[in-house]
Amino acid sequence: MQIYADNAATTKMSKAAVDTMTEYMNNWFGNPSSLYTIGQRAKEKLEEARALTAEMINADRREIIFTSGGSESDNQALMSAAEFGKRNGKTHIISTAFEHHAVLHTLRKLEKNGFEITLLPVYKNGIVLPEDVEAAIREDTCLVSVMTANNEIGTIQPISEIGQICRNHGVIFHTDAVQAVGHLPIDVKAQNIDMLSASAHKFHGPKGVGFLYVRKGIPLSNLIEGGAQERGKRAGTENLAGIMSMTVALRESVENMDRNNAHMSEVRDYLIKGLSQIPHSALNGDAEKRLAGNVNFSFEGIEGESILILLDREGISASSGSACTSGALDPSHVLLAIGRIHDVAHGSLRLTIGEDITFEQADYIIEKVKNTVAHLRGFSPVWRDLAEGKRKYILP
Ligand SMILES: *Cc1c(COP(=O)(O)O)cnc(C)c1O
């Protein structure tokens, strides 16, 4: 059996998204900046895509900037708000400890350039408290950035409340909604969002394309200088095929969202129940306030990397709680942020299922994970120490 269970890393393009991409690459090669007909027709399509994208999140089409994806959108949102803040003498930024690296590394760069960064805790359940945001806001705070849903543990954040607090204090609010767009209802007006990042390949669109929503009146500066594309805010000849394909994928995802989420959350809960039977294991992140497709477990006495390799041999593609940064295997900053100690964080498994997951596949996953964990524990020195009472179990 082959099961792709890493949809938080990327998704397979939908057929309609592939067909649209092919159609536009074949027949719509014109440059939207050109004045002759094939250029102007491309421009019309681009603007149609912008209007449709805006509609999906209840924005105005003039509030959408097409980018190369989530990382670029995050970088531009943060750099831009910081630049604007600095001009007004505001150099304090609030974010959280478990953001994506596209946010955290941009903040690290800003810190080197004189900004002060407050990273809020996310507690054991992986959810930011709105009152923590409020308490952290200062006179010189220029930006709050909190992700809508976490990419590793799937927890969903109280975005509307945080947005309201920021609005009350006149602070720009950005959210990395890369895991949420196409998966959760988004209404930038109702949720008080000033800036939002999205990426097509997380909702069955192509890689290398995304968008940044910027509320009217919020200043935006460029990351990429050059031509006057995207209202002068993002230079470079538009990736029309990618943008059209993204738009089709987004509309499909939004239209089928309720049905897909109902099914996926049923299978997710079935998986959680099944994997919970493994002794000394624990679910990471809140059991209810989580994405319909996210299952993340820690197993004591094993290493995440080895479980991945063994599961891959059984046809299951998943992801672990470690990240290979600069050649070393570091435990995930997200799992550390929710209080998992290094050893436990290392023994973690993320399964992010797709819309087409079946209960039969879920049974197969449960069986294979159970066997693999038992197998790895069989020759783990840590597990032996735990079993012999030389170490204390951390997980129940
Ligand atoms: C995937 C992801 C990104 C990066 O998006 P790209 O389009 O791959 O650059 C940023 N934030 C989150 C939460 C993500 O899941």
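Indexing begins at 1, ligand by ligand and atom by atom, following the structure's order. The model shown is predicted, which means the values in this text are computed figures rather than measured ones.
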(message) Run the side-chain hydrogen bond (donor to acceptor under 3.5 Å, both in side chains) test against Glu367 and tell me which residues pass, sequence neighbours left out.
(response) none

(request) Tell me the residues surrounding ligand 1, counting only those with a heavy atom closer than 4.0 angstrom, sorted by chain and number. (result) Gly69, Gly70, Ser71, Asp74, His100, Met147, Asn151, Asp176, Val178, Gln179, Ser199, His201, Lys202

(request) Classify the ring geometry between Phe379 and His375 as parallel (under 30°), tilted (30 to 60°) or perpendicular (over 60°). (result) perpendicular

(request) In plain terms, say whether Glu48 and Lys45 are close enough for a salt bridge, that is, a side-chain N and a carboxylate O under 4.0 Å apart. (result) yes

(request) Kindly write out the residues that satisfy salt bridge (charged side-chain N to carboxylate O under 4.0 Å, His left out) with Glu47, not counting sequence neighbours, or none if the list is empty. (result) Lys43, Arg50

(request) Applying side chain to side chain donor-acceptor pair (under 3.5 Å) between Ser197 and each of Asp74, Thr148, Asp176, Thr67, report the one that passes. (result) Asp74

(request) Please collect all salt bridge (charged side-chain N to carboxylate O under 4.0 Å, His left out) contacts where either partner lies in residues 247-275, sequence neighbours excluded, each pair once. (result) none

